[in-house]
Amino acid sequence: MEETPTAVLPPETSGRDFIRQIIDGDQESDKHAGRVATRFPPEPNGYLHIGHAKSICLNFGVAAEYQGTCNLRFDDTNPLKEDVEYVESIQEDVHWLGFDWADRMYYASDYFEKLYEFAEQLIKDGKAYVCDLSAEEVREYRGTLTEPGKDSPYRQRSVEENLDLFRRMRGGEFPDGSRTLRARIDMASPNINLRDPALYRIRKATHHRTGDRWCLYPMYDYAHALSDWIERITHSLCTLEFEDHRPLYDWCLEALNLPDRPRQIEFARLNLTYTLLSKRKLLHLVTGKYVSGWDDPRMPTIAGLRRRGYTPEAIREFCDRIGLAKRDSVVDVALLEHCLREDLNRRAPRVMAVLDPVKVVLTNYPEGQVEEFDAVNNPEDPSHGSRKVPFSRELYIERDDFREIPPPKYHRLSPGQEVRLRWAYLVRLDEIVKDENGTVTELRCTYDPATRGGDAPDGRKVKSTIHWVSASHSLPAEVRLYDRLFSSPDPDDVPEGKDFLSNLNPESLVVSTTCRVEPGLSQAKALDFFQFERLGYFVADPDSTPERLIFNRSVALRDSWAKIEKKTRGGKP
RNA sequence: UGGGGAGUCGACAAGUGGUAAGUCAGCGGUCUUUGGAACCGCCAAUCGCAGGUUCGAAUCCUGCCUCCCCAGCCA
């Protein structure tokens, strides 16, 4: 008889992504003496969003895995678009996500002097020249995708003249747009980025850090490659659209004959269903007041997700799970929501809150009597303990937890149907009170004193457990029910002549001011998260105070009743 | 019609010549003092297409098709 081999599980069930494979290879060949240095290089011209989180987790994650470093570097080479508001929010967001750059926070603008010296070097080596062509002329000279460009008439200027002109450009002698410094590469290159790209442009603008010291600003390709080199970056990770720029990135380093060069590697940026991740469009949503600001809980910004109740843990887990590759893809936003539920299910204290209250009177419960029940804080984790919840003759339950005429498979309160009030008693409905409009105003029930705590001594079962709050002890609260900002999986998928605004979900925010929550919630502090039992995960809004409680719905619980209901009534509303 | 990339279940994504992981979604079920969670099961991929090499191809070769990016003095 043969022995069954003992199964040995591999340490990694899933393969390493292509970037880590490359780095593994570099480690093996001892490139950069085994050093790994990455950087996260945002331009401070907007708030960070979930797409940036992917890059942040990658760059900081890789650095940590290889005992390397990851710098935070502001790519602030365009004073017209950048602002300190953004450099501050970016730092806050990266920290909040759980990453630390220690003392390695840099700005491309820190390198302006050095970058300028490099430029003079290029001029001296005949590798760059000052061009007097206007922006429009440059465009004409550049050629097209299928036709080569032609040389600028200024391409053959002498080194002396170039140097003189470049220094005078720095000195502020020439107006904006009148001249550029261009790399002398190849106007016939099939790669348009190599057709003598601009390295410097004149911009008499105040920079958020360097003020008016400069009127000459380096372009991205030039500044980025050299900033990477200055910081001794080994692996420069960026998104796919920069793939075409890699030859220029390499050109800058080679032209200056710099040793120990960083390598640029490109990966696919994150796309999410029902979500827009274009900085331009997000800015438009903010400035056009379609949302309340960059931190509106419907925004995919880190600030928005934070206010929505997303946790750094959930976002990091999401970034781990989406993988890393070079193919364009669109991740289902349900995965993000899943990661949040998964994290919060483990950690969120359970609490009872009634969003749309209807009054319940226990006719056989003594007037004025108050009991306290032990309610488990988190069934997933006994170490969370329990709390006391006050109970009395008049309660509120969810209006949706009652039906006068119950649909098929409806297990909640209805005439003759006994239900459990969570942690309290079994109750039975006797009488429905309505106002003149036929609206139910009160449900008169009887409770079974023998079922204290929720269990029947005779062992009888109920089909449903519903949540409740004591009418007199509960607190009023405002609850903001958030949903997806866009109603289409692809917000940019619009009919002719319309734009993404036409896909805005009119029900992305529903405010309810009539909610009642259990008294313990008065202590909720900004960003404290909870599970409102049977409803979803909610977070205390930063604007919430003990006098005016405000909770945001982060994500609803999975709702299998909703599915049953939809199915049994054939999807009709 | 130039250049640079990419095509593996509905969505992500492993797989690197040895006979297609996993996750999300979806669908059943068990259990349950949350119609939650957990657990079990199902689900689906002739690996873009067509040829070729090979005992054997998602992996190698050839041709084709489709999609994405590039003509800012933005990043």
Side-chain angles (χ1 to χ4, degrees), chain A residues 12-17 21 41-43 45 75-78 80-82 131 133-135 138-139 142-149 176-182 189-195 197-203 217 219-221 223-224 238-247 266 268 273 279-280 321-339 341-342 345-346 350 352 375-376 379-380 409-412 420-424 426 453-455 461-467 489 531-536 556-565:
Chain A
E12 282 281 339
T13 50
S14 181
R16 294 169 75 64
D17 62 69
Q21 287 179 30
E43 183 189 14
N45 69 341
D75 224 331
D76 55 349
T77 56
N78 185 354
L80 263 25
K81 292 188 176 175
E82 296 152 7
C131 181
L133 254 26
S134 70
V138 167
R139 199 178 315 128
R142 187 157 31 227
T144 68
L145 292 179
T146 51
E147 298 159 317
D176 283 12
S178 61
R179 282 177 232 261
T180 55
L181 181 73
R182 293 227 258 164
S189 172
N191 181 344
I192 290 181
N193 296 119
L194 262 22
R195 317 240 262 232
L199 264 23
Y200 272 92
R201 76 287 216 186
I202 299 171
R203 271 229 207 309
Y217 292 92
M219 298 291 291
Y220 164 82
D221 293 289
H224 199 84
C238 64
T239 44
L240 252 28
E241 67 269 27
F242 294 105
E243 212 150 12
D244 286 345
H245 295 239
R246 193 187 335 129
E266 311 83 13
T273 57
K279 268 193 193 178
R280 205 198 98 241
R321 288 212 205 176
I322 54 178
L324 190 68
K326 294 194 70 155
R327 70 182 81 102
D328 293 309
S329 59
V330 184
V331 175
D332 194 336
V333 73
L335 179 59
L336 214 212
E337 295 170 346
H338 168 83
C339 290
R341 288 194 190 100
E342 185 180 59
N345 176 51
R346 262 190 313 257
R350 287 351 60 151
M352 292 193 284
V376 170
E380 300 297 315
K409 296 181 183 169
Y410 186 86
H411 298 155
R412 285 114 91 152
R420 174 188 297 112
L421 296 178
R422 180 144 234 223
W423 311 120
L426 265 35
D455 282 312
K461 302 287 183 200
V462 289
K463 284 185 172 170
S464 181
T465 300
I466 65 176
H467 59 277
Q531 184 196 101
F532 288 2
E533 290 212 58
R534 305 207 306 129
L535 297 173
L557 248 27
R558 290 187 60 197
D559 187 352
S560 53
W561 162 245
K563 285 178 190 171
I564 294 168
E565 195 178 25

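Letters A, B, ... are given to chains in the order of the sequence lines, protein chains preceding strands, and every chain is numbered from 1.
For A:Pro379, counting side-chain heavy atoms from C-beta on, the closest listed nucleotide (B:rU34, B:rA25, B:rG26) is B:rU34. Side-chain proximity of A:Ala334 to the nucleotides B:rA25, B:rG36, B:rG35 is greatest for B:rA25. In this structure, the nucleotide among B:rA13, B:rA25, B:rU34 sitting nearest to the side chain of A:Leu557 is B:rU34. Side-chain proximity of A:Leu335 to the nucleotides B:rG35, B:rA14, B:rC24 is greatest for B:rC24. Which of B:rA25, B:rG35, B:rC12 sits closest to the side chain of A:Asp332 comes down to B:rA25.
Between the side chain of A:Asp244 and the backbone N or O of A:Asn191 there is no donor-acceptor pair closer than 3.5 Å.
Across all strands, A:His411 comes closer than 4.0 Å to base atoms (heavy-atom distances). As judged by a 4.0 angstrom heavy-atom cut-off over every strand, A:Lys563 is placed among residues touching the sugar-phosphate backbone only. Here A:Arg558 lies in heavy-atom contact (under 4.0 Å) with sugar-phosphate atoms only. Residue A:Phe532 is out of contact with every strand shown, counting any heavy-atom pair closer than 4.0 Å. Residue-level contact check: A:Glu147 touches neither bases nor backbone, having no heavy atom under 4.0 Å from any strand.
A:Tyr220 places none of its side-chain heavy atoms less than 4.5 Å from the side chain of A:Glu43. Between A:Arg195 and A:Arg182 the shortest side-chain heavy-atom distance does not fall below 4.5 Å.
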Review point. Nucleotide by nucleotide, 5' to 3', does protein get under 4.0 Å of the base (B), only the sugar-phosphate (S), or neither (-) in nucleotides 42-48 of chain B, counting heavy atoms?
Key: -------
Study note, to complete from the structure: For nucleotides 65-75 of chain B, 5' to 3', base contacts (B), sugar-phosphate-only contacts (S) and non-contacts (-) with protein non-hydrogen atoms under 4.0 Å give ---SBBBSBSB
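Scanning for side chain to side chain donor-acceptor pair (under 3.5 Å) contacts around A:Asn193 gives an empty result, with sequence neighbours left out. The salt bridge (charged side-chain N to carboxylate O under 4.0 Å, His left out) test applied to A:Arg346 returns A:Asp343, not counting sequence neighbours. By the side chain to side chain donor-acceptor pair (under 3.5 Å) test, A:Lys81 is found to be paired with no residue, residues two or more places apart in sequence or in another chain being considered.
Taking atom P on both nucleotides, B:rU59 is separated from B:rC40 by 34 Å, rounded to a whole Å.
The residue among A:Tyr410 and A:Arg341 whose nearest nucleotide of RNA chain B lies closer to the 5′ end is A:Arg341.
Taking only distance into account, the side chain of A:Arg246 never meets the base of B:rG4 through a donor-acceptor pair shorter than 3.5 Å. No donor-acceptor contact under 3.5 Å links the side chain of A:Arg321 to the base of B:rU23.
The phosphate of B:rG36 (OP1 or OP2) has a side-chain N or O of A:Ser560 nearer than 4.0 angstrom.
RNA chain B forms stems at B:2-7 with B:65-70, B:10-12 with B:22-24, B:26-30 with B:38-42, B:48-52 with B:60-64, each a run of 3 or more consecutive Watson-Crick or G-U wobble pairs whose two key distances fall under 3.5 Å.
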